[in-house]
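A short worksheet on the structure shown next.
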Amino acid sequence: MEKRRTHTFARDRFYVTTPIYYVNDRPHLGHVYTTTLADVLARFHRLAGRETFFLTGTDEHAGKVVEAAEARGLTPRAWADANAAAFRGSFERFGIENDDFIRTSEARHIERVKRYLAPLLESGDVYPGEYEGWYDAGQEEYVADGRAAANEFRSPVSGRPLLRRTERNYFFRLSAWAEPLLALLEAGDVFDVAPAARKNEVIARVRDGLDDVPISRAGFDGWGVPVPGEPGHTVYVWIDALCNYLSAVDTDARRHLWPADVHLIAKDILWFHAVIWPALLLALGRRPGLQWVRLPRLVYAHSFWVREGAKMSKSLGNFVETEHLSEHAEALGVDAVRWFLATRGPLGTADGDFSDASLIAAHDADLANGFGNAVSRVAAAIARWTDGRVPAPRAEAETTDETAAAARELRAAAGRAPVAVASAFEAIDIHGALAAALELVREVDRFVERTAPFRLAKEGPARRADLETILHHAAEALRIASLLLWPAIPAGVATFWGRIGRDEWGDALADRGRGDLACWASWGGFVGGEPFAKGPPLFPRAGSGRR
RNA sequence: GGCGGCGUAGCUCAGUUGGUUAGAGCGAGGGAUUCAUAAGCCCUAGGUCGUAGGUUCGAGUCCUACCGCCGCUACCA
């Protein structure tokens, strides 16, 4: 389909963002999806020991927010407070640990948007002009020329004729940045867009040339960011919203975090993130005192969820609500939801189908029958034959050649896995990263089948060294696999760590702390004598068994 | 209309710069086991690689046409 490209991130830090969500929306699958992906990435980089910053938030400055508030007899502030809280709440429910939650209505943000606009006005990157376009009075918005023509100059919503309207507002000189942007996109080493198909779309459009874009709206009703020096104008919400990525880290304590490593978005807002935002940053970076403002390294646009083949939309009313996801989380644990989103979602250019059955199937196949069962069988073996303690490894000379060979191969697989997982995560190939982690679990299952410790146990002391080597290796490989799986299924893995006497890892990573993956995931963490306790299934099967 | 992409086993998809018998996961069928969450492991899919041509010693992998599907075509977050 397309070639994945590895993006090399700064080694010691990682900054990932989600879009800030429209505060008039109720949180649904789409929001939880993007945010979960960001959380998985952020957790991986934290685990790897990097200074990680994961930002999400809400976009609040739209005229419709004021309307929605008025309709409910609330102030925009109160309405936004309630809905922003709803977003925060649903994210918390799925184990998402963002480092900050920015709201565009916050003073820290508004103040900085003004601070970014002022120098651009001064330099002429932003200039006053006249915008003429097809206006949909019912929607109170302009309709793009192409779209207006396609609709025979009638409102796509109401069907009423569109009005030709002229408005005085401020423009961003986007046209000036087409060439530099194209060069950057084609090189792809400083600023990049992924997946490749999305990048191609952007390049094709930028190649056709760019028009200047209006970035303000006439009128200011106290909700929004006033244009500096022109208090009767409001900064267009999109421009306002994009600035959040920068404004959130534009403090002495955080400025070093910029540029963002990944802006994770859905494909519908690619244009703003892949063209307008970088152009704005290029312009900003030229202003005195703002040279630290560089381009984000990567804009990654995933696709949409569909439900049983049908697009989710307000008109169909078929959104997968957060409440619905919560039911799955209650039945199977949050990890089940996270795992499904992270491994089966529309990460590439194709839309992905959501169904309850596929969520449960993913949980059963990978978590219950996979990781959970492997942990269970190894824990039971250790409980029965080595008193619940991980045996110390034995010298190869003490075991048969067959045992030694199998052990060597498992150890090699455990060495390859962290490398494969890391490089997949670097390429935002979350499916690939988690598949690589799960592959190590499969290796353990194959290893157990091949070496059959349950048979050796019956052969008495003669095979004791083999038995101990086998159990040590199986435990060790699962220990390493658990680290690699943690970003996606932190709850179950934390429980597992408790059983193997590694609560310290959970402690280190708690409260957004950092780990030391290179050290933790290296072979030899178990020296012998550690617990590997049995316990209730980490991921109890939901479906019935086979046969 | 323009630009771009896709169409590979029942399902979801991998298939490097063209080269031995086209792969994985899930599902389905079969088998040997029994430590484990009726889990795990092994074997099996005889797939016209959308269709028709072409280039080549050789094409799923390049070219052309056609059929079907999809994305983008600038300001709805």
Side-chain angles (χ1 to χ4, degrees), chain A residues 1-3 19-25 30-31 58-62 64-65 104 131 133 136 139-147 150 156-157 174 196-208 210-211 213-215 236-242 265-272 275-276 303 314 343-344 348-353 358 361-362 364-370 372-385 431-432 435 438-439 441-442 444-450 452-458 471 474 534 536-542 544-547:
Chain A
M1 223 176 81
E2 74 191 40
K3 208 145 132 55
I20 49 175
Y21 303 111
Y22 185 42
V23 79
N24 263 5
D25 280 345
H31 303 117
T58 41
D59 174 20
E60 311 191 346
H61 286 150
K64 288 179 189 170
V65 172
T104 53
Y131 180 76
D136 181 341
Q139 294 299 109
E140 291 186 28
E141 68 200 18
Y142 285 90
V143 178
D145 288 350
R147 205 163 152 230
V157 179
L174 181 63
R198 295 273 105 89
K199 177 173 174 172
N200 291 341
E201 289 172 9
V202 172
I203 286 178
R205 287 174 62 181
V206 173
R207 216 172 251 147
D208 284 343
L210 299 173
D211 296 334
V213 290
I215 61 156
Y236 176 45
V237 284
W238 253 115
I239 301 302
D240 177 1
L242 286 167
I265 60 169
K267 61 185 180 181
D268 55 336
I269 54 176
L270 183 61
W271 180 252
F272 291 95
V275 176
I276 295 176
S303 299
K314 282 176 191 165
T343 62
R344 309 296 203 275
T349 50
D351 290 345
D353 200 53
S358 53
D364 282 356
D366 299 343
L367 302 183
N369 298 350
N373 183 62
V375 164
S376 183
R377 73 196 301 203
V378 171
I382 287 175
R384 186 178 305 179
W385 300 312
H431 295 181
L438 197 62
E439 180 56 27
V441 174
R442 291 180 197 279
V444 173
D445 272 326
R446 282 192 280 265
F447 173 76
V448 172
E449 299 288 341
R450 175 178 172 185
F454 40 88
R455 218 169 288 149
L456 296 184
K458 294 170 186 160
L471 295 185
K534 280 169 63 169
L538 292 174
F539 304 100
R541 266 192 81 98
S544 55
R546 59 177 187 186
R547 281 190 271 283

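Chain A is the first sequence line, chain B the second, and so forth, proteins listed ahead of strands; every chain is numbered from 1.
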Of the listed nucleotides B:rC3, B:rG71, B:rC13, the one nearest the side chain of A:Ala204: B:rC3

Euclidean distance for P, B:rC49 against B:rG60 (whole angstrom): 7 Å

Any A:Arg205 side-chain N or O less than 4.0 Å from OP1/OP2 of B:rU73: yes

Whole-Å gap separating P (B:rC72) and CG (A:Asp208): 16 Å

Interatomic distance, A:Leu270 atom CG to A:Ile276 atom CD1 [nearest 0.5 angstrom]: 11.0 Å

Sugar-phosphate, base or nothing in reach of A:Leu538, heavy atoms under 4.0 Å: base

A:Asn369 side chain near B:rG40 phosphate (N/O to OP1/OP2, under 4.0 Å): yes

Side chain to side chain contact (heavy atoms under 4.5 Å, CB included) evaluation trace for A:Val444 with A:Arg377: CA-CA 10 Å; A:Val444 173; A:Arg377 73 196 301 203; over 6 Å; no

Side-chain N or O of A:Arg442 closer than 4.0 Å to phosphate OP1/OP2 of B:rG25: no

Gap between atom CD of A:Glu449 and atom CZ of A:Arg446 - 0.5 Å precision: 10.5 Å

Any donor-acceptor pair under 3.5 Å from A:Asp366 side chain to A:Leu438 backbone: no

Point-to-point distance, once rounded to the nearest 0.5 Å, from CG of A:Asp364 to CZ of A:Phe539: 11.5 Å

Euclidean distance for P, B:rU16 against B:rG23 (whole angstrom): 14 Å

Touch class at under 4.0 angstrom, heavy-atom based, for A:Ala380 against every strand present: sugar-phosphate

Nearest-Å distance for atom pair CZ/C1', residues A:Arg207 and B:rC72: 14 Å

Intra- and inter-strand pairs of RNA chain B in dot-bracket (Watson-Crick or G-U wobble, both distances under 3.5 Å; | for another strand): (((((((..((((.....[...)))).((((.........)))).....(((((..]....))))))))))))....

Touch class at under 4.0 angstrom, heavy-atom based, for A:Pro214 against every strand present: base

P spacing across the pair B:rA9 / B:rA65, given as an integer number of angstrom: 26 Å

Sugar-phosphate, base or nothing in reach of A:Arg344, heavy atoms under 4.0 Å: nothing

Sugar-phosphate only, base, or nothing, as touched by A:Tyr21 at under 4.0 Å among non-hydrogen atoms: nothing

C1' atoms of B:rG40 and B:rU33, separation to the nearest Å: 10 Å

Straight-line distance of A:Asn373 CG to A:Leu538 CG, nearest 0.5 Å: 10.5 Å

Nearest to side-chain heavy atoms of A:Glu449, which nucleotide of B:rC41, B:rU33, B:rA74: B:rC41

A:Leu174 and its side chain to side chain contact (heavy atoms under 4.5 Å, CB included) partner, picked from A:Ile215, A:Val206, A:Asp211, A:Val275: A:Val275

Gap between atoms CG and P, on A:Asp364 and B:rU37 respectively (whole Å): 15 Å

Integer angstrom distance from the P of B:rG29 to that of B:rC66: 45 Å

Inter-nucleotide C1' distance (B:rA14, B:rG30), Å rounded: 27 Å

Sugar-phosphate, base or nothing in reach of A:Ile215, heavy atoms under 4.0 Å: nothing

Touch class at under 4.0 angstrom, heavy-atom based, for A:Asp211 against every strand present: base

Any A:Lys199 side-chain N or O less than 4.0 Å from OP1/OP2 of B:rG4: no

A:Arg377 CZ - B:rA36 P separation (whole Å): 9 Å

Euclidean distance, atom CZ of residue A:Arg541 to atom C1' of B:rG40 [Å, nearest integer]: 12 Å

Sugar-phosphate only, base, or nothing, as touched by A:Tyr131 at under 4.0 Å among non-hydrogen atoms: base

Whether A:Tyr21 and A:His31 hold their rings parallel, tilted or perpendicular, with breakpoints at 30° and 60°: perpendicular

Nucleotide nearest A:Ala350 when distance is taken to its side chain, options B:rC13, B:rC35, B:rG71: B:rC13

Touch class at under 4.0 angstrom, heavy-atom based, for A:Arg384 against every strand present: sugar-phosphate

Presence of salt bridge, A:Glu201 and A:Arg198, under 4.0 angstrom: yes

Any residue meeting side-chain hydrogen bond (donor to acceptor under 3.5 Å, both in side chains) with A:Asp59, in chain and number order, not counting sequence neighbours: none

Distance, C1' atom - from B:rG53 to B:rG19, rounded to whole angstrom: 22 Å

5' precedence on RNA chain B between A:Gly370 and A:His31 (nearest-nucleotide basis): A:Gly370

Distance, C1' atom - from B:rU44 to B:rG50, rounded to whole angstrom: 27 Å

Touch class at under 4.0 angstrom, heavy-atom based, for A:Lys458 against every strand present: sugar-phosphate

Closest nucleotide among B:rC41, B:rG71, B:rU37 to the A:Glu201 side chain: B:rG71

Between B:rC76 (P) and A:Ile239 (CD1): distance, integer Å: 12 Å

Selected nucleotide, minimal atom distance to A:Arg446 side chain, candidates B:rC42, B:rA36, B:rG40: B:rC42

Protein-nucleotide distance (A:Glu439, atom CD; B:rG25, atom C1'), rounded to Å: 11 Å

Rounded interatomic separation in angstrom, taking CG from A:Leu174 and P from B:rA74: 13 Å

5'-most by nearest nucleotide on RNA chain B - A:Ala361 or A:Pro537: A:Ala361

